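Below is one structure; the comments refer to it alone.
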Protein chains: 2
Amino acid sequence: MELDQRIKHLLKHGNLRMTTVRKLVLKEFLEAGSIALSSYEIEKKFEDLDRITLYRTLKTFEECGIIHQAVDVSGRSKYAICSADCSNHNHEDHHAHFYCKKCERTVCLDDVKIPTLNLPTDFQLEDSQLVLSGVCGACQ
Amino acid sequence: MELDQRIKHLLKHGNLRMTTVRKLVLKEFLEAGSIALSSYEIEKKFEDLDRITLYRTLKTFEECGIIHQAVDVSGRSKYAICSADCSNHNHEDHHAHFYCKKCERTVCLDDVKIPTLNLPTDFQLEDSQLVLSGVCGACQ
DNA sequence: TTCTAAATGCAACATTGTTTCGTTTAGAGA
DNA sequence: TCTCTAAACGAAACAATGTTGCATTTAGAA
């Protein structure tokens, strides 16, 4: 599907209005693919993009199952486009993320699923995040 | 071993001076055991403990292998006392952490080791962090 | 006891994110 | 196509978390 079509489809599916900012931001995520983006990275790409609006856009996208958050070792949060299985308030992308200490990029390892582990019985598990870090292929 | 003895031993082992702040903070971690503490939690426990000094103390302890950082889903970082195997700049506690969404506590799951996973060959793995979240036993 | 490098405490700053509120705009309905 | 309203936006102010620079204090070696 063409980019503009995918953008339209995703926003419609999430019951979101087609605003300039949303189209702009969503395009970035679609183009980034499995690379997770921080708010700052998106912000500096578009000079006249309001910081606050951007934060709200990210939050909205996350709630609609369009993007998912990847906990970053550095503390700042990054986001990447979801797989098709995600929907409103129901993220299905239980894959690991890799953080490269050199280029500071976070990528989704879509094929590395988080294994199920035996927890002590009194813990009720809801989510799990696995962050691997080291040096990525491009930086070696 | 008694608490004061352990504090002395740990600081000596890390080549750190026995200062008031360090003894105070280390005592907190030893008493907390597998429960990870945030900077804020420690800060509010001691009214006249300087925020900046505390941050520096935490950093120093981490570098010396006395405490380790547990990436928190909420973004703020928490720390917990290391197992005996850790040493300067060489943390050996590759266990998962559990974050309770109700009480907002993070605990070390010392028995839940992070499994080794097959990464694409061009990734050079150095660290891994596994954060499980849900509701802990005490909150159910 | 003296002395110095290490540790502390304060001020100022940086980053990341939220809240409030007035203004603009998407898009549903006439 | 035009009107209208709820949704989205933009600006200011604030909050949480953490860092840097620098002058002062202190642990502990000599």
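Chain letters run A, B, ... following the sequence lines, proteins first and then strands; every chain starts at 1. Worth knowing before you read on, the calculation uses all heavy atoms, side chains too, and leaves out hydrogens, waters and symmetry mates. Small disclaimer: the values here were computed from a predicted structure and weren't measured.
- When only modelled atom types and interatomic distance are considered, A/Glu41 and A/Ser38 share a side-chain donor-acceptor pair under 3.5 Å.
- Here C/dT20 presents its P atom at 18 Å from OH of A/Tyr55, a figure rounded to the nearest Å.
- Considering only heavy atoms from C-beta on, B/Phe61 comes within 4.5 Å of B/Leu16 through its side chain.
- Using cut-offs of 30° and 60° for the angle between ring planes, the B/His97 and B/His68 rings count as tilted.
- Nucleotide D/dG28 holds its P atom 7 Å from the CE atom of B/Met18, rounded to whole Å.
- No salt bridge links B/Lys23 with B/Asp4; every basic N to acidic carboxylate O contact stays at or beyond 4.0 Å.
- From A/Lys113, atom NZ reaches atom OG1 of A/Thr116 across 13.0 Å, with rounding to the nearest 0.5 Å.
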With B for base contact, S for sugar-phosphate-only contact and - for none (protein heavy atoms under 4.0 Å), nucleotides 2-11 of chain D reads ----BBSSBB
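- Across all strands, A/Lys23 comes closer than 4.0 Å to no nucleic acid atom at all (heavy-atom distances).
- Computed from coordinates, the B/Phe61 CZ to C/dA6 C1' distance equals 14 Å when rounded to whole Å.
- Nucleotide D/dT19 holds its C1' atom 14 Å from the CZ atom of A/Arg76, rounded to whole Å.
- In this structure, the side chains of A/Glu126 and B/Leu132 stay at 4.5 Å or more apart for every pair of heavy atoms.
- When rounded to the nearest whole Å, the span between NZ of B/Lys44 and P of D/dA16 equals 12 Å.
- One interatomic measurement links the two molecules: CD of A/Gln69 to C1' of C/dT16, which rounds to 12 Å at whole-angstrom precision.
- For the pair B/Asp72 CG and D/dA16 C1', the interatomic distance rounds to 14 Å; values are reported in whole Å.
- Taken from CZ in A/Arg17 to CG in A/Asn15, the straight-line distance is 11.5 Å, to the nearest 0.5 Å.
- Atom pair B/Leu54:CG and D/dT19:P shows a separation of 11 Å (rounding to whole Å applied).
- No hydrogens or angles were tested; on distance alone, a donor-acceptor pair under 3.5 Å links the side chain of B/Arg51 to the base of D/dG18.
- The side chain of B/Lys59 places an N or O atom within less than 4.0 Å of a non-bridging phosphate oxygen (OP1 or OP2) of D/dT19.
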